[in-house]
Undergrad: 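What follows is a single structure, and I will ask about it in a moment.
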4 protein chains.
Amino acid sequence: MTNKEPKLTKKQIAILEAATDLFAEKGYAGTSTSEIANKAEVAEGTIFKHFKSKKGLLLAVVSPMMVKWIAPMIKKDLNKVLDQEFEYIQDFIRAMIENRKEFIQNNLPMLKILVQEIPFHPDLKEKFIEYVGNDVFDKLREIVTYYQEKGQLADIKTDAIIRTVASSILSYIVARYVFLPEINWDEEEVETERIIQILEKGIIQKA
Amino acid sequence: MTNKEPKLTKKQIAILEAATDLFAEKGYAGTSTSEIANKAEVAEGTIFKHFKSKKGLLLAVVSPMMVKWIAPMIKKDLNKVLDQEFEYIQDFIRAMIENRKEFIQNNLPMLKILVQEIPFHPDLKEKFIEYVGNDVFDKLREIVTYYQEKGQLADIKTDAIIRTVASSILSYIVARYVFLPEINWDEEEVETERIIQILEKGIIQKA
Amino acid sequence: MTNKEPKLTKKQIAILEAATDLFAEKGYAGTSTSEIANKAEVAEGTIFKHFKSKKGLLLAVVSPMMVKWIAPMIKKDLNKVLDQEFEYIQDFIRAMIENRKEFIQNNLPMLKILVQEIPFHPDLKEKFIEYVGNDVFDKLREIVTYYQEKGQLADIKTDAIIRTVASSILSYIVARYVFLPEINWDEEEVETERIIQILEKGIIQKA
Amino acid sequence: MTNKEPKLTKKQIAILEAATDLFAEKGYAGTSTSEIANKAEVAEGTIFKHFKSKKGLLLAVVSPMMVKWIAPMIKKDLNKVLDQEFEYIQDFIRAMIENRKEFIQNNLPMLKILVQEIPFHPDLKEKFIEYVGNDVFDKLREIVTYYQEKGQLADIKTDAIIRTVASSILSYIVARYVFLPEINWDEEEVETERIIQILEKGIIQKA
DNA sequence: AATGAATGAGTCTTCATTCAT
DNA sequence: TATGAATGAAGACTCATTCAT
């Protein structure tokens, strides 16, 4: 209950928002601090008073997302699974997808930044793995094992299943929102169901 | 279709190789032309003699990949499909994956560049869509329709099927080679078969 | 002569001490006001409330030294000479050296600052000349003339003698404390006597 | 005989000259690279093409002086001493002073820079000690020992004698040219002889 | 064709200083 | 009185690009 929420000032928020938009649009290396200052309507020096460096600003943009989004999502969802709120894994997956939609759309730029910058910033990758790699992956393994024991999941290596489901979802998100946002996609619901359906039956039929 | 194969000189090749490596490693915006000149053991001016600008160099790095890889792959494979060399779609997919493996590994950096830079360069995206979006997508539609008519593919929207298969394959490649190259993956063959198996049966079982 | 002893507050003293240390260590131009504020555990603004500008702070650091040290030293010592407390000039010189030793060591940083910054600050130089050049030099001339008349000093131009003695002493101090503090020097007393001995006999002997 | 003389271009010389003047006048930290570029009539980037950093420029300004001046001076002079060209140490000292006068006046700014910046740049000090500390000091010790054995020098610790003579000369130079150039000094010759005379007889006379 | 010296706009960052609180 | 957030000019340094050789 200790309120360690950093109490951001208006200027700090303005800087973070400007940086988020610009990093997402033009990439970290392609964005200059003066552009950020400009967009945030703040002096350039102000950026460096609050965030020690440009890199510090990147971390400040991306870190809360990792903390606030990924970690609790897993904790809550895991508990729901263990409390048997989701009898079928389909329900779990559907909940996971539906559940985050709003967040995804609100935080799309951050997601974009995360995806785009991870290959270039070892420290970002480390932070990411620290949050997701250990905590989240462990919980996911628990969940998969749980459904495998209930006989609802194919008897494939746990990690391969996680990768498959995760990439089914992520590749959809990344393709849809990050790489090709201007293509006409079906409505959300249809896509969600199609993902589930494919995971259920595959797409190849016996003749 | 005009065979303008440009007869690259040694220096030009050196520049292209250096640029490819560096762009892949540090990103386009994060790489300086002097670094490229350095790595290619060439004077800075030489780069600009051959490729008008840094952007021109990026296009020169990425374009041949789009031309040489994607286009012919489709042509050949499509013909094989139409010539009934692949009776089952599994065979087609397996061939497609196996077939490119060598190429993927040789041209990984270019793939990385393509994936990483597309969001920031509208002209790159246009070129990409021009090659893939129209040519390739049309052919893929033909193939999918072909197998759907043979009753081997679920009666889902053609484009959704393409997206599903493509993202199954691509997300594996991207995850494996671009984002998380240091994780221990199974051997290639196992992964290939798993992709096919999942496309066949899904991963969810009736209890 | 007006006793404007300014009743320094704790914060003012902290600032002056921090500034003294940092200016001595890194030079005036190489020290930032924020470093000073940091070391003094004071807000940046506080510095400018008390000392109008960075330059003002430099003057505040250096001025009292000139006032408190050089001026009275001459007055007292001169009187002692005139009161015939020092029969031989050797005694006068020895007293002058011994006398200031503690002060030198306590105020070494200020001395360092004075020596290092004088070439870059005309106003500092002016102040220095104002104090030393006129007051002190005049008194020194009196003293030298006094001993010359007593036949204890060679019949060399008064100013040259002053310069010789002063530089004998100062060059020792500057070399020892400012430029090469890490070299092993003899003990203080030995050095003091050596300076006097050299002034007495020189170092060159008739063969 | 290998001509490793770095073959400086016109621009490089212009930069070095401008930097030398400005560093001497305003100090290293007080001089901006844009000022230097301005004075040298060169683009700012050009400075960094030739001298990797501002610090590199400082070293380039100061290093040749240490190499070209101090080292050979000792070698030549030492040989002359050993070849008995100077029977009396007075002659040696006089030669040393007279000898360098031109050089001192031509390279005064560099000397100023060296004296002023050494306290702030450990690497400068190291380089200086590397050149002077070891080579030169050793040779000086040889010379002093030589004259001590001839009975021409007082039987004082060798290092103390060196310090005394060196500081007699240096303090004169530093005072005259670096700190108080505007005071009226006697003509060169008179000062030279006075230094020698003092070293010979001291300034204090038995009554 | 190839060089690499030269450029100056632009980069990230620091600075001394101000001012509302 | 004291603060420290805010400033924007200036700092060192890098960049893509040009051009005389």
Side-chain angles (χ1 to χ4, degrees), chain A residues 9-12 14-15 28-38 40-57, chain B residues 9-12 14-15 28-38 40-57, chain C residues 9-12 14-15 28-38 40-57, chain D residues 9-12 14-15 28-38 40-57:
Chain A
T9 67
K10 274 185 188 174
K11 302 238 168 190
Q12 282 171 324
I15 292 168
Y28 172 79
T31 303
S32 75
T33 50
S34 76
E35 280 175 294
I36 296 169
N38 222 19
E41 290 183 321
V42 149
E44 212 172 341
T46 308
I47 293 176
F48 291 87
K49 265 271 153 72
H50 291 298
F51 312 90
K52 293 206 168 172
S53 61
K54 195 188 171 190
K55 187 68 157 285
L57 180 55
Chain B
T9 68
K10 273 187 188 175
K11 302 235 169 192
Q12 284 171 322
I15 292 168
Y28 171 79
T31 303
S32 73
T33 50
S34 78
E35 278 176 294
I36 297 169
N38 218 23
E41 291 181 329
V42 148
E44 286 198 54
T46 308
I47 292 177
F48 291 87
K49 269 270 147 61
H50 290 299
F51 312 90
K52 286 204 173 169
S53 63
K54 195 187 172 190
K55 188 66 158 285
L57 181 54
Chain C
T9 68
K10 274 187 186 174
K11 303 234 168 193
Q12 283 170 322
I15 292 169
Y28 171 78
T31 303
S32 73
T33 50
S34 79
E35 278 176 293
I36 296 169
N38 218 22
E41 291 181 331
V42 148
E44 285 198 54
T46 309
I47 292 177
F48 291 87
K49 269 270 146 64
H50 290 299
F51 312 90
K52 285 203 174 170
S53 63
K54 196 188 171 190
K55 189 66 157 286
L57 181 54
Chain D
T9 67
K10 274 186 188 174
K11 302 239 167 191
Q12 282 171 325
I15 292 167
Y28 172 79
T31 303
S32 74
T33 50
S34 77
E35 279 174 295
I36 296 169
N38 221 21
E41 290 182 322
V42 147
E44 211 171 343
T46 308
I47 293 177
F48 292 89
K49 264 273 152 70
H50 291 299
F51 313 89
K52 293 208 167 171
S53 62
K54 196 187 170 191
K55 187 68 156 287
L57 181 54

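Letters go in sequence order (proteins before strands), and every chain restarts at 1. Fair warning: this is a prediction, and the values are worked out from it, not measured in the lab. Atom set for the values below is all heavy atoms of this structure, side chains included, hydrogens, waters and symmetry mates excluded.
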Undergrad: Measure the distance from CD on Glu44(B) to P on dT21(F) and round it to the nearest whole Å.
TA: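 One finds 20 Å between P of dT21(F) and CD of Glu44(B), rounded.
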
Undergrad: Indicate whether OP1 or OP2 belonging to dA12(F) is found under 4.0 Å from a side-chain N or O atom of Thr33(D).
TA: yes

Undergrad: Output yes when at least one side-chain N/O atom of Ser32(B) is less than 4.0 Å from OP1 or OP2 of dT14(F), else no.
TA: no

Undergrad: Under 4.0 Å from OP1 or OP2 of dT7(F): is there any side-chain N or O of Thr46(A) that close?
TA: yes

Undergrad: Answer whether the closest heavy-atom distance between the side chains of Thr33(B) and Leu57(B) falls below 4.5 Å.
TA: no

Undergrad: Does a side-chain N or O of His50(C) approach OP1 or OP2 of dT1(F) to a distance below 4.0 Å, or not?
TA: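 Negative; the distance criterion is not met.
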
Undergrad: When the distance from CG of Leu57(D) to P of dC13(F) is rounded to whole Å, what number comes out?
TA: 10 Å

Undergrad: Give the rounded distance in Å between these two atoms: CD of Glu35(A) and C1' of dC12(E).
TA: 13 Å

Undergrad: Dot-bracket for DNA chain E: what is it, with Watson-Crick or G-U pairs under 3.5 Å, [ ] where a pair crosses earlier ones, and | for a pair to another strand?
TA: .||||||||||||||||||||

Undergrad: Which nucleotide wins on minimum distance to the side chain of Ser53(C), given the candidates dA6(E), dT17(E), dG4(F)?
TA: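 Selected nucleotide: dT17(E).
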
Undergrad: For the side chain of Lys54(C), starting at C-beta, report the closest nucleotide among dA16(E), dT7(E), dG8(F).
TA: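 Nearest nucleotide to the side chain: dA16(E).
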
Undergrad: Between Gly45(B) and Glu41(C), which has a closest nucleotide on DNA chain F that is more 5'?
TA: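 The residue closer to the strand's 5' end, by nearest nucleotide, is Glu41(C).
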
Undergrad: In whole Å, I'd like the distance from the CG atom of Asn38(D) to the P atom of dA12(F).
TA: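 Spelled out: CG on Asn38(D) to P on dA12(F) is 13 Å.
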
Undergrad: For dT7(E), does OP1 or OP2 lie under 4.0 Å from any side-chain N or O of Lys11(D)?
TA: yes

Undergrad: Considering just the side-chain nitrogens and oxygens of Lys49(A), establish if one lies under 4.0 Å of OP1 or OP2 belonging to dA6(F).
TA: no

Undergrad: Look at the side chain of Phe48(D) and decide which nucleotide, out of dC13(F), dT17(F), dT7(F), has an atom nearest to it.
TA: dC13(F)

Undergrad: If you round to the nearest 0.5 Å, how far is NZ of Lys49(C) from CD1 of Ile47(C)?
TA: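 Rounded to the nearest 0.5 Å, the CD1-NZ separation comes out at 13.0 Å.
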
